[in-house]
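See below for the structure under consideration.
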Amino acid sequence: MDWHVTFYNEKVEDETFSFPKGILANLLHIIEMMLQFGPALGKPYTESLGKGLFEIRAKGKEGIGRSLFCTLKGKEIIILHSFIKKTKKIPKKELNLARKRMKEVKS
């Protein structure tokens, strides 16, 4: 496994692991694939949101979960924010929070 996954902070890790069981299982499966093959899996697993921000697209019978992440040199994936998606588009509030955290991590 060439890639390494970390969380922005403990709160993000707790949010991610509090996903409903089915969504969490799918998310962990996608993360396992990212560890082996890198973050550029493409749809239906990951998607670029532009300017270095990406999303993990996890689904389960309970709904849809999203984890927004960026990458750093040294093959590191940082999960910046996780939430359960309730609307068709990702809410601006969620995107802005992830972008703010990405700037902090990359500077």
Side-chain angles (χ1 to χ4, degrees):
M1 292 190 199
D2 293 334
W3 288 82
H4 180 69
V5 174
T6 57
F7 292 88
Y8 175 76
N9 60 23
E10 202 172 297
K11 183 181 176 213
V12 174
E13 187 173 3
D14 292 344
E15 287 170 349
T16 305
F17 286 107
S18 70
F19 277 3
K21 198 166 58 171
I23 298 171
L24 181 60
N26 186 238
L27 177 80
L28 294 174
H29 174 69
I30 293 168
I31 288 174
E32 283 179 22
M33 289 191 298
M34 289 169 62
L35 289 172
Q36 189 172 0
F37 303 111
L41 297 174
K43 283 187 176 180
Y45 307 111
T46 63
E47 184 175 9
S48 172
L49 299 175
K51 298 181 182 174
L53 187 64
F54 303 88
E55 68 176 339
I56 299 173
R57 306 163 54 89
K59 291 183 180 178
K61 65 180 187 259
E62 307 91 343
I64 299 170
R66 291 291 188 258
S67 289
L68 307 181
F69 70 93
C70 66
T71 59
L72 297 177
K73 287 181 182 170
K75 294 190 173 185
E76 186 169 5
I77 297 165
I78 309 233
I79 296 179
L80 303 165
H81 184 49
S82 293
F83 61 96
I84 298 298
K85 194 170 165 204
K86 296 180 175 121
T87 60
K88 195 147 179 85
K89 286 188 167 189
I90 297 174
K92 282 233 184 277
K93 180 183 94 172
E94 311 290 1
L95 275 173
N96 290 339
L97 178 60
R99 286 188 176 122
K100 179 181 161 236
R101 290 177 175 174
M102 182 174 67
K103 282 181 187 173
E104 288 175 25
V105 166
K106 290 203 173 198
S107 62

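Keep in mind that what you see is a predicted model, and the values were worked out from it rather than measured. Numbers here are sequence positions counted from 1.
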Let me have the donor-acceptor pairs involving side chains of residues 54-80, under 3.5 Å, with sequence neighbours excluded, atom names and distances please.
unit_1, atom_1, unit_2, atom_2, d
Glu55, OE1, Arg66, NE, 2.9
Glu55, OE2, Arg57, NH1, 3.1
Arg57, NH1, Glu47, OE1, 2.9
Glu62, OE1, Gly22, N, 3.4
Glu62, OE1, Ile23, N, 3.4
Glu62, OE2, Gly22, N, 2.9
Ser67, OG, Ser82, OG, 2.7
Glu76, OE2, Thr6, OG1, 3.0

Original post:
Got a sec, which pairs hit ring-ring contact (aromatic ring centres under 6.0 Å, His included) with one end in residues 10-32, sequence neighbours left out?
Top reply: Phe7-Phe17

Original post:
So which pairs with a foot in residues 85-97 pass side chain to side chain donor-acceptor pair (under 3.5 Å), sequence neighbours left out?
Top reply: His81-Glu94

Subject >> Pairs touching residues 98-107 that satisfy side chain to side chain donor-acceptor pair (under 3.5 Å), sequence neighbours left out >> reply: Tyr8-Glu104

**OP:** State the CD1-OG1 distance between Ile31 and Thr46, to the nearest 0.5 angstrom.
**Re:** 11.5 Å

Subject >> Selection residues 18-28 - residue pairs positive for salt bridge (Lys or Arg N to Asp or Glu O under 4.0 Å), sequence neighbours left out >> reply: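 Sorted pair list comes back empty.
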
**OP:** State, to 0.1 Å, how close Trp3 and Gly38 come at their nearest heavy-atom pair, and which atoms those are.
**Re:** NE1-CA, 3.2 Å

Original post:
Which atoms form the tightest heavy-atom contact between Ile30 and Leu41, and what is the distance?
Top reply: O-CD1, 4.0 Å

Original post:
Linking I/L/V/M/F/W/Y whenever any side-chain heavy atoms sit under 4.5 Å apart, do Leu53 and Leu97 land together?
Top reply: no

